[in-house]
Amino acid sequence: MKKLLILVGVLVIVASWFGTLWAADTLEMVKKKGVLVAGVKDSTPGFGFVDEKTREIVGYDVDFVKAIAKKLGVKLELKPVTSASRMPQLTEGNIDIIAATMTATPERAKQIDFSLTYFFTGQKFIVKKGTVKSLADLDGKKIGTAKGSTSEQNAAKALPKATILSFDDYPQAFLALQQGKVFAVTTDESILANLLGRAPNKEQFEIPEIQISDEPYGLGMRKGDKNFADFVNKTLLEMEKSGEAKRIFDRWFGPTSAAPLSRGKFKITEGQRVTEGK
Ligand code: GLU
């Protein structure tokens with residue numbers, strides 16, 4: 001009898017623990033534990049990568065979650081994720097938010113919620129100089145990219161005869177290009193420009209003007225976690241208004257950076273959000 005009571009007690013505790021996790025109001029939970037756990041890339045130059053001097057993970061994505069943690073008045077813990085692991089890490093409760101070069105798509109929005117768009121880019125290719133003039137030059141070839149990315153899916157659609165080789169991350173795919181194991185690497189232009197900009201033999205490669213998709217980045221949060229999503233979106237809009245969002249862009253992609261990019265007319269605005277339906 002006593003054993004049974006203990007068992008029931010343990011089950012009740014475990015069930016309530018799961019209950020709080022799943023029905024969690026992340027905003028409350030993060031405030032209570034005093035730390036925001038963010039899933040970030042650690043080998044995507046410009047966005048989430050290890051600084052050679054400090055050995056810390058730094059980048060555009062990191063600066064956004066830093067600002068959110070600061071606004072919440074809590075510490076920030078960074079957990080490395082890959083393109084393939086980021087959604088399971090979030091839904092399993094190991095991280096509170098994804099800030100990992102993640103495109104908000106209606107398909108992904110069936111499983112998680114996205115913030116307002118905080119970065120905008122499009123998918124392109126890096127190739128050996130002079131080898132590619134049009135999309136047709138890439139079809140039937142071996143193309144490297146990362147597992148679990150939209151890049152993988154878009155490339156398979158745009159190049160039906162190509163062989164898509166998916167690596168854990170983009171530096172590995174770029175290494176395969178340098179070793180002649182793939183003909184091209186494909187992903188977001190923002191990532192390609194950063195890989196190329198930091199490569200010692202960059203003059204051998206180029207990013208032709210061939211774009212196969214639009215890639216609006218969103219911060220990923222658990223589905224239906226409304227208070228947290230509202231807080232994050234409010235913070236993003238404030239960061240745009242105060243100029244902080246632009247300062248972060250310029251820090252990583254400004255004219256003196258390793259990979260100068262144009263922010264163009266991009267601004268974080270109320271209407272730019274990808275949901276299940278669109
Ligand atoms: N933005 C694309 C994606 O979300 C490609 C970059 C990445 O793999 O993180 O899949």
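When reading the values below, keep in mind they use all heavy atoms of this one structure, side chains included, and skip hydrogens, waters and symmetry mates. Whatever order the structure lists them in is the order used to number ligands and atoms, beginning at 1. Not measured: the values here are computed from a predicted model.
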Between D188 and ligand 1, which residue portion shows a heavy-atom distance shorter than 4.0 Å: side chain, backbone, both, or neither? side chain
T44, portion touching ligand 1 at heavy-atom distance under 4.0 Å: neither
Got an N/O contact under 3.5 Å between T101 and ligand 1? yes
Do you know which two heavy atoms are closest between T269 and L116, and how far apart they sit? O-CD2, 3.7 Å
If you count the atoms of ligand 1 from 1 in the order shown, which ones are under 4.0 Å from a heavy atom of I191? 6 (C)
Provide the number and element of each atom of ligand 1 under 4.0 Å from a heavy atom of S151. 5 (C)
At under 4.0 Å between heavy atoms, which part of K41 makes contact with ligand 1: side chain, backbone, both or neither? side chain
Is the NZ or CZ atom of R198 both under 6.0 Å from the centre of the six-membered ring of F174 and within 45° of that ring's axis? no
Is it true that E203 and K128 have a side-chain N and a carboxylate O under 4.0 angstrom from each other? no
Q153, E215, R108: member with heavy atom nearest to atom 4 (O) of ligand 1: R108
Work out which heavy atom in K41 is nearest to a heavy atom in V81; give both atom names and the distance. CD-O, 3.6 Å
Can you name the atoms of ligand 1, numbered from 1 with element, that are less than 4.0 Å from a heavy atom of S83? 7 (C), 8 (O), 9 (O)
Quick one: are K226 and D230 in side-chain contact, heavy atoms under 4.5 Å? yes
For the atom pair CG (L192) and CG (L196), what is the distance rounded to the nearest 0.5 Å? 8.5 Å
Mark up the atoms of ligand 1 that fall under 4.0 Å of a heavy atom belonging to A100, in ascending order. 9 (O)
Restricting to non-hydrogen atoms, name the atom on M221 and the atom on F114 that form the minimum distance, rounded to 0.1 Å. CE-C, 4.1 Å
Heavy-atom nearest pair, T145 first then S151, reads OG1-CB, 3.3 Å
In terms of atom number and element, which parts of ligand 1 are under 4.0 angstrom from non-hydrogen atoms of M102? 4 (O)
Strictly under 4.0 Å, does any heavy atom of R86 approach an atom of ligand 1? yes
is_close_aromatic(Y217, F47), centroid dist under 6.0 Å: yes
Could you tell me whether ligand 1 has any atom less than 4.0 Å away from a heavy atom of A146? no
Heavy atoms only: which of T150, D61, I98 is nearest to atom 3 (C) of ligand 1? T150
Please could you name the atoms of ligand 1 that T187 approaches to less than 4.0 Å, counting only its heavy atoms? 5 (C), 6 (C)
I need the atoms of ligand 1 closer than 4.0 Å to a non-hydrogen atom of Y217, numbered in the order shown. 1 (N)
Between the CG atom in L36 and the CE atom in M29, the distance rounded to the nearest 0.5 Å is 9.5 Å
Check contact between T105 and ligand 1, using heavy atoms of the residue and a distance below 4.0 angstrom. no
Which ligand 1 atoms, with their elements, are less than 4.0 angstrom from a heavy-atom of T103? 1 (N), 2 (C), 3 (C), 4 (O)
Among F119, F266, F120, which residue satisfies the ring-ring contact (aromatic ring centres under 6.0 Å, His included) criterion with F253? F119
For Y170 and ligand 1, does the shortest N/O to N/O distance drop below 3.5 Å? yes
